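Here's the structure, in structure tokens; my notes come after.
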Amino acid sequence: MPRALGIDLSTQGVTALLVDTDRGALLARARAAFGPDFPSRGHPEGFLPGGASGEVHADPLLWLDGLQLALDRLAQSADLSQVAALAVSGQQHGSVYLADGFQLALADPDPSKSLAAQLAPFLSRPTSPIWMDSSTVEDCQAIAAALGGHQAACDLTGSAVTARFTGPQIRRFARLEPAAWSRTARVHLVSSFATSVLAGRDAPIDTGDGAGMNLMDLAAGAWSPAALAATAPDLARRLPPVVPGPTLVGPVSAYLVARHGFSPRCQVVVGTGDNPSSLVGMGASRPGQVVVSLGTSDTLFAAIDGARADPAGLGHAFGNPMGGTMSLVCVRNGSLARDAIRRELGLADWAAFAAAVDAAPPAQSAVLPLEHDEITPRRPAGRVAVGAPVSGPSLARAAVEGQALSLRLHSRWVGTPTTRLLLAGGASENPAIAQVFADVFGAPVLRLGVSDSAALGAALRAAHAACGSSLADLEAAFCQPAPGIVQPRSRLAPAYAALESALAAALR
Ligand code: ADP
Ligand code: XUL
């Protein structure tokens with residue numbers, strides 16, 4: 001009976017999801033949250049607050065502690081010796097820097113000690129820049145110039161040179177800390193780092209997550225020598241190989257067997273980024289479906305034919321873990337901005353927030369709530385407001401409408417008609433937010449029975465690559481819409497079109 005485990009190491013925590021692929025059943029779920037579960041570690045929202053010059057870093061050792069806590073919790077409700085295969089989904093772009101000797105620490109850890117304690121001596125950079133980091137403006141300019149401009153970089157790598165992407169992050173580190181860079185033997189992404197630890201060996205990077213580095217030739221699915229040369233000295237030997245999504249890494253580590261009760265036969269499949277993983281988990285890895293994920297970041301993605309580039313240089317093309325390409329639009333001010341407004345309005349919980357959204361009349365005004373510098377559109381922190389003036393609790397509706405309108409505006413380049421919208425992520429469970437997205441996109445909104453789409457995608461990828469389960473069977477079993485399709489109110493379409501135009505003009 002194939003049991004597949006998906007592990008999502010995202011911004012705010014680790015979610016582990018165990019599925020039975022024969023019965024199409026969800027067997028167990030466990031979660032560890034970096035803020036609430038580790039209050040003394042200083043990551044209330046999953047990262048170190050107060051970084052200077054746009055720096056946003058997190059402690060990779062906390063990721064390992066979160067991973068182990070999630071596995072310990074999962075073991076309380078499931079027999080992990082029955083897991084046939086596992087795969088990781090990771091927040092994208094974040095990077096971990098390891099010194100020589102890390103391979104041995106991976107291969108032979110002591111089961112009586114934590115993974116974090118044993119990997120700590122091999123970090124050549126104590127903290128990891130994550131996707132919220134915007135400290136690399138100078139490095140982006142230098143890389144783009146070396147590659148012949150942003151358009152040329154986009155044609156090669158699928159994205160203009162982008163501040164949060166791993167290549168510019170590596171360049172800044174090598175430039176500012178050359179001694180630590182020379183001690184660095186390996187740069188991993190979050191997904192390949194966690195995969196390496198679980199497999200007890202240095203794992204490759206897949207083309208879905210690899211494309212979020214500005215280092216990969218997207219068409220070739222291989223590192224680009226030109227991009228590597230534009231980024232940092234001797235980078236090629238510091239990167240793991242890049243491989244297609246359905247690649248086996250090997251069996252789980254002896255540590256996972258001894259400490260967490262896995263079978264030595266359990267196979268580890270190459271990891272990928274949370275958005276590519278969610279594409280699979282939403283049953284959207286073939287073209288024709290549009291997914292909006294409302295997590296820490298809000299993202300819109302779709303499988304596409306060929307590599308289309310965003311002429312504005314804001315959107316991205318990544319490898320699709322099931323083959324081909326996917327588009328991605330990523331908004332930084334997602335759930336945390338909604339949460340800031342909820343607190344500002346004194347609304348006790350998400351139900352109160354939903355009630356405030358429902359109580360206000362629709363399509364009157366739109367507010368883009370940029371609590372932090374935004375990446376799509378590229379803009380400093382601050383609020384952008386269009387339409388009727390907003391006061392009091394109606395800000396909740398105006399802010400969600402502003403977020404939905406901006407996402408629609410900035411995803412028009414993708415070109416996939418939105419005949420229905422698949423909604424994922426923590427905020428997708430909020431009925432008022434789901435209604436706003438249906439109204440603004442003018443499309444029915446569907447949610448799936450399993451809400452952790454990134455972790456589910458990882459489990460499905462593991463079953464597909466390691467147990468021979470067919471994608472069609474897995475999608476039929478796990479990616480069915482939940483009851484309660486949210487229908488758009490078409491009478492609002494003209495008012496939302498006017499607000500979108502006003503927002504586009506205000507952002508120009
Ligand atoms: P990530 O994978 O980026 O860690 P998730 O997709 O798990 O994020 O979503 C977590 C976010 O969703 C949190 O910031 C949380 O506050 C928010 N969230 C959870 N439930 C709701 C809800 N009912 N309404 C709005 N936001 C919610
Ligand atoms: C995508 C992006 C975020 C992270 C965190 O480009 O930066 O969506 O993957 O979820």
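When a residue number appears, it is its place in the shown sequence, counting from 1. All ligand and atom numbering here is 1-based and tracks the order in the structure. The model shown is predicted, which means the values in this text are computed figures rather than measured ones.
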- [ ] Would you check the N or O atoms of N430, main chain and side chain alike, for any that come under 3.5 Å of an N or O of ligand 1?
- [x] yes
Task: Side chains of Q76 and D72, donor plus acceptor under 3.5 Å - done: no
- [ ] For N320 and S285, test the side chains for any donor-to-acceptor distance below 3.5 angstrom and give the result as yes or no.
- [x] no
Task: Numbering as shown, the atoms of ligand 1 that approach G425 to under 4.0 Å (heavy-atom distance) - done: 6 (O)
TODO: Please write down residue, atom name and distance for the protein heavy atom closest to atom 17 (C) of ligand 1.
DONE: S335 OG, 3.7 Å
TODO: May I ask you to identify the nearest protein heavy atom to atom 13 (C) of ligand 1, giving residue, atom name and distance to one decimal place in Å?
DONE: Q12 NE2, 3.8 Å
TODO: List the closest protein heavy-atom neighbour of atom 26 (N) of ligand 1: residue, atom name, distance to the nearest 0.1 Å.
DONE: W350 CE2, 3.3 Å
- [ ] Please determine if D298 and R338 form a salt bridge, counting it only when a charged side-chain N lies under 4.0 Å from a carboxylate O.
- [x] yes
Task: Residues D8 and S89: side-chain donor-acceptor under 3.5 angstrom - done: yes
- [ ] Could you tell me which atoms of ligand 1, counted from 1 in the order shown, lie closer than 4.0 angstrom to a heavy atom of T296?
- [x] 1 (P), 3 (O), 4 (O), 8 (O)
Task: Flag for Q364-R397: side-chain donor and acceptor within less than 3.5 Å - done: no
Task: Cationic N near anionic O, under 4.0 Å, R489 to D439 - done: yes
TODO: Taking atom types as modelled, find out whether T15 and R31 have a side-chain donor-acceptor pair closer than 3.5 angstrom.
DONE: yes
- [ ] List the closest protein heavy-atom neighbour of atom 4 (O) of ligand 1: residue, atom name, distance to the nearest 0.1 Å.
- [x] S10 OG, 2.8 Å
Task: Residue, atom name and distance, where the atom is the protein heavy atom closest to atom 20 (N) of ligand 1 - done: G426 O, 3.3 Å
- [ ] Might you list the protein residues in contact with ligand 2, defined as having a heavy atom under 4.0 Å from one of its atoms, sorted by chain and number?
- [x] Q92, H93, W131, R164, D274, N275, S297, T299, L328, C330
TODO: Only counting residues at least two apart or in another chain, list the ones meeting ring-ring contact (aromatic ring centres under 6.0 Å, His included) with F437.
DONE: none
Open item on the list: Under 3.5 Å, is there a donor on one side chain and an acceptor on the other for S135 and E55?
Closed with: no
- [ ] Tell me yes or no: between the side chains of R420 and Q289, is some donor less than 3.5 Å from an acceptor?
- [x] yes
